[in-house]
Amino acid sequence: MKIIDFTLCMGSIPGMVLGMHGINMYEDSMEVKIWRVAYPVLLCLFINMIVQVIFTIGVTMAEFSDLNDGSVWNYFSAYNFSGDIERVVSENTLIVTLLSGIITIPVALRLMKRDEDAARYMPVKEHISNIRFHSSHFIVALGALASAGISKVVTIFPIDNIIGSYESIRTEFASNDLIWQITALVFAGPCMEELIFRGLVYKRIKRYTNNMSAVYISAIMFGVYHFNLVQGIYGFALGVLLCYVYEKYETILAPVLLHISANLTALVIDYLPVSEDINNNIYLKVLLMLIEVGAMVAVLWRMNNIDGINKKRFHLVDIKYGTKKEQDKE
């Protein structure tokens with residue numbers, strides 16, 4: 001007999017214990033596997049949508065609250081505002097992102113804990129507390145160089161507006177106050193996305209397939225999640241690096257730190273006056289791109305050869321996650 005845990009299907013419904021042994025997620029049907037991989041992302045998008053709807057309703061109600069006095073001017077102002085709601089919401093997009101992150105992060109941590117308990121692995125609290133301090137320098141450097149170098153690679157070609165518009169999103173984010181850009185883009189966003197895409201999606205795919213397939217599939221999903229071609233390609237490349245450091249340091253803090261470093265670097269670059277000059281000079285942009293990508297490769301080489309990567313763990317292509325008893329035999 002086996003444990004039948006409905007968290008395999010929904011992630012939020014308590015499991016029913018019908019036996020003494022663990023679970024083997026290879027026995028899940030294809031539909032269940034697809035659902036388990038997809039629903040953390042769908043849940044994240046759903047929470048963001050609900051928060052945005054509530055925020056929009058709140059802004060609208062606040063603007064229309066003065067209608068009680070019945071003055072013509074207030075009716076006129078409210079009428080003008082009704083056509084301007086989209087702009088107001090756009091200028092506060094990052095507040096919605098921050099609130100969504102605050103809601104999603106504890107939910108994702110709970111789902112990660114359920115996954116760990118169901119598969120009989122160490123508790124999630126150990127996965128977020130064992131990164132070595134000296135390793136953080138490599139992670140921060142890799143994130144900064146990846147952000148600067150890869151972003152130049154994907155923006156050097158005229159691919160924006162083919163699928164979505166990166167420039168419009170960039171402009172929308174820039175219209176928000178700096179405090180919201182820092183709290184939402186640099187901290188809340190990376191924490192939320194790493195728990196969802198590395199802590200849940202990547203690990204679940206890996207339990208069904210193998211390490212490298214999980215890396216590429218989760219990276220593709222991470223790229224698609226951004227809903228535009230420029231960020232999609234950038235997100236895919238960054239997603240591979242995020243999985244790499246997750247496997248290397250065996251803690252979710254590693255990809256979180258790399259993601260924070262990458263987003264902080266992007267934010268700083270956007271505020272540098274010289275950035276516009278670099279973007280307008282293709283030769284200078286290519287030169288800097290080569291230097292940054294080369295430095296990123298050098299950091300990766302050092303992390304591989306000096307900082308003690310567990311190569312066997314990362315390159316093993318047929319890892320299977322069955323019961324605890326099965327793991328002990330291996």
Side-chain angles (χ1 to χ4, degrees), residues 94 97-98 101 104-105 108 127-155 166 169-170 173-174 176 178-199 202 215 218-219 222-223 225-226 230-272 274-275 278 288-304 306-309 314:
L94 295 182
T97 301
L98 178 60
T104 304
I105 287 172
H127 276 288
I128 63 174
S129 62
N130 62 353
I131 190 171
R132 299 187 299 278
F133 176 75
H134 78 275
S135 302
S136 63
H137 296 84
F138 294 113
I139 297 172
V140 170
L142 183 61
L145 291 168
S147 176
I150 298 174
S151 64
K152 288 184 177 64
V153 172
V154 298
T155 57
Y166 165 68
I169 293 175
R170 180 172 170 268
F173 286 165
N176 287 248
L178 180 59
I179 184 63
W180 302 124
Q181 295 182 52
I182 294 173
T183 53
L185 294 179
V186 178
F187 293 106
C191 291
M192 175 185 69
E193 290 175 356
E194 291 317 303
L195 292 175
I196 294 293
F197 284 95
R198 257 55 64 179
Y202 167 68
V215 168
S218 63
F222 184 57
Y225 168 80
H226 289 85
V230 171
Q231 282 186 299
I233 298 173
Y234 171 84
F236 169 78
L238 188 66
V240 172
L241 294 177
L242 291 164
C243 290
Y244 167 80
V245 296
Y246 190 20
E247 283 290 342
K248 174 175 174 56
Y249 297 106
E250 299 182 311
T251 168
I252 196 65
L253 278 182
V256 167
L257 183 59
L258 190 151
H259 203 154
I260 288 174
S261 174
N263 283 17
L264 178 60
T265 300
L267 183 62
V268 170
I269 289 176
D270 275 347
Y271 275 87
L272 290 177
V274 72
S275 296
I278 294 174
L288 289 175
M289 177 191 73
L290 294 174
I291 293 173
E292 290 159 352
V293 172
M296 181 186 73
V297 172
V299 170
L300 280 170
W301 179 88
R302 182 173 176 83
M303 292 173 73
N304 261 330
I306 308 279
D307 203 34
I309 185 172
F314 188 71

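This one's a predicted model, so the numbers in the text were calculated from it and none came from an experiment.
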Please list, one pair per line, the donor and acceptor atoms closer than 3.5 Å that link side chains of residues 143-150 to other protein atoms, with sequence neighbours excluded.
residue	atom	partner	partner atom	Å
Ser147	OG	Ala262	O	2.9

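- A distance of 10.0 Å separates CG in Leu142 from CG in Leu257, rounded to the nearest 0.5 Å.
- Partners of Gln231 under the side-chain hydrogen bond (donor to acceptor under 3.5 Å, both in side chains) rule, at least two apart in sequence or in another chain, are Asn228.
- Applying the side-chain hydrogen bond (donor to acceptor under 3.5 Å, both in side chains) criterion to Thr183, with sequence neighbours excluded, gives no partner residue.
- For the atom pair CG (Asn263) and CG (Leu238), the distance works out to 8.0 Å, reported to the nearest 0.5 Å.
- Listed by first then second residue, pairs satisfying salt bridge (charged side-chain N to carboxylate O under 4.0 Å, His left out) with a partner in residues 136-150 number zero, not counting sequence neighbours.
- Looking at every heavy atom in both residues, Ala184 comes nearest to Leu94 through CB-O, 3.4 Å.
- Not counting sequence neighbours, the partners of Phe222 by the ring pair (Phe, Tyr, Trp, His ring centres under 6.0 Å) test are Phe197, His226, His259.
- Ala219 is linked by a side-chain contact (heavy atoms from CB on, under 4.5 Å) to Phe236, Val240, counting only residues two or more places apart in sequence or in another chain.
- The CD1 atom of Ile139 sits 10.5 Å away from atom CG of Leu242, with the distance rounded to the nearest 0.5 Å.
- Tested against Val215 for a side-chain contact (heavy atoms from CB on, under 4.5 Å), the candidates Tyr202, Tyr246, Tyr244 yield a single pass: Tyr202.
- At distances below 3.5 Å, at least one donor-acceptor pair connects side-chain atoms of Thr265 with backbone N or O atoms of Ser261.
- Tested against Met289 for a side-chain contact (heavy atoms from CB on, under 4.5 Å), the candidates Ile278, Thr155, Val153 yield a single pass: Val153.
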Working note: Tyr271 + Gln181, criterion side chain to side chain contact (heavy atoms under 4.5 Å, CB included); need CA distance, chi angles, decisive distance, verdict. CA-CA 12 Å; Tyr271 275 87; Gln181 295 182 52; 2.9 Å; yes
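- Among pairs with a residue in residues 288-301, those fulfilling salt bridge (charged side-chain N to carboxylate O under 4.0 Å, His left out) read Lys152-Glu292, at least two apart in sequence or across chains.
- Taking CZ from Phe138 and CG from Leu258, the interatomic distance works out to 13.5 Å, rounded to the nearest 0.5 Å.
- Judged as a salt bridge (Lys or Arg N to Asp or Glu O under 4.0 Å), and not counting sequence neighbours, the contacts of Glu194 are Arg198.
- Within the model, atoms CG of Asp270 and CG of Leu185 stand 9.5 Å from one another, a figure rounded to the nearest 0.5 Å.
- In this structure, the separation between CD1 on Ile105 and CD on Glu193 is 10.0 Å, given to the nearest 0.5 Å.
- Among residues two or more places apart in sequence or in another chain, the side-chain contact (heavy atoms from CB on, under 4.5 Å) test is passed with Ser151 by Tyr234.
- Closest of all the heavy-atom pairs between Val186 and Ile260 is O-CG1, 3.1 Å.
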Show your reasoning for whether side chain to side chain contact (heavy atoms under 4.5 Å, CB included) applies to Leu195 and Thr104. CA-CA 9 Å; Leu195 292 175; Thr104 304; over 6 Å; no
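- Sorted pairs that involve residues 140-149 and meet salt bridge (charged side-chain N to carboxylate O under 4.0 Å, His left out), not counting sequence neighbours, are lacking altogether.
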